[in-house]
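Below is one structure, written out as structure tokens; the observations come after it.
Sequence positions, counted from 1, serve as the residue numbers for this chain. Remember, it's 1-based here, ligands and their atoms both numbered in the order they're listed. All values derive from a computational prediction rather than experimental measurement.
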Amino acid sequence: MTIAVAVKRLAHGAGLPLPDYATAGSAGLDLLAAVDAPVVIAPGARALVPTGLAIALPPDFELQVRPRSGLALKHGIVIPNSPGTIDSDYRGEIQVIVLNAGTEAFEVTRGMRIAQAVLAPVSRLVWQETDDLDRTAREAGGFGSTGLDFPMGN
Ligand SMILES: O=c1ccn([C@H]2C[C@H](O)[C@@H](COP(=O)(O)OP(=O)(O)OP(=O)(O)O)O2)c(=O)[nH]1
């Protein structure tokens, strides 16, 4: 299934290609860093990386901003709010919050594939308030409760 999405290149994104899928089966589009000059992120520091793009999603969709596993494995580059949520009514620039969880400084350069974005459908709920929820085998058990039968359960 493909969904048409309106996209606007902002001035500082000029000259960069639009995000694309790396392979025919890729779930995520690679988001490119639209930094004018290289940005160095120290170990433990965060940076807001611009993409130079604004979009208009259809109402029942969101765009999820996710880390790239190669950057995470090789450099400890993660997205602390992952998956970042681009709302369908957001018209500002898509930006990527990047955390350097690695041990060395990381340099973000113009055009670098800094994150990936996955289009996802959104279901919205309507509350049905009640005092009586249906009973289940789990009831209120959580937070590892199913492991308690085992001596070393966790
Ligand atoms: O990684 C992200 C996450 C969000 N956004 C933009 C698009 C999104 O629609 C908007 C608001 O995001 P979110 O709802 O996560 O932020 P909030 O902290 O709850 O702020 P708000 O009160 O503006 O909703 O910020 C990004 O550009 N990148």
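From the protein, the heavy atom lying nearest to atom 25 (O) of ligand 1 is Tyr90 CE1, 4.0 Å. For atom 1 (O) of ligand 1, the nearest non-hydrogen atom of the protein is Asn81 ND2, 3.1 Å. At the shortest separation from atom 5 (N) of ligand 1 among protein heavy atoms lies Ile86 CD1, 3.7 Å. Nearest protein neighbour of atom 28 (N) of ligand 1, counting heavy atoms only, is Gln95 O, 2.7 Å. With respect to atom 15 (O) of ligand 1, the closest heavy atom belonging to the protein is Thr85 O, 4.3 Å.
For atom 21 (P) of ligand 1, no protein heavy-atom neighbour is present inside the 4.0 Å cut-off. Less than 4.0 angstrom separates atom 13 (P) of ligand 1 from none of the non-hydrogen atoms of the protein. Protein heavy atoms are absent from the space less than 4.0 angstrom from atom 18 (O) of ligand 1.
Counting heavy atoms from C-beta on, the side chains of Pro38 and Val108 never come closer than 4.5 Å. A heavy-atom distance below 4.5 Å is not found between the side chains of Val118 and Leu63. Counting heavy atoms from C-beta outward, Met112 and Leu32 have side chains that stay 4.5 Å or more apart. Within the 4.5 Å cutoff, side-chain heavy atoms of Ile79 are placed close to those of Pro67.
Close approach to Ile94 involves these atoms of ligand 1, each under 4.0 Å from a residue heavy atom: 27 (O). Taking a cut-off of under 4.0 Å to the non-hydrogen atoms of Gly84, the atoms of ligand 1 that pass are 1 (O). Per-residue contacts place Glu93 under 4.0 angstrom from the following atoms of ligand 1 (heavy atoms of the residue considered): 27 (O).
The residue among Ile55, Leu53, Asp87 with a heavy atom at the shortest distance from atom 9 (O) of ligand 1 is Asp87.
Panel note: side chain Asp60, backbone Pro121; no donor-acceptor pair is recorded below 3.5 Å. No donor-acceptor distance shorter than 3.5 angstrom exists from the side chain of Arg68 to the backbone of Leu71, with no hydrogens or angles considered. For Ser82 (side chain) and Arg66 (main-chain N/O), no donor-acceptor pair under 3.5 Å exists by modelled atom type.
In this structure, the separation between CD on Glu62 and CG on Leu119 is 8.5 Å, given to the nearest 0.5 Å.
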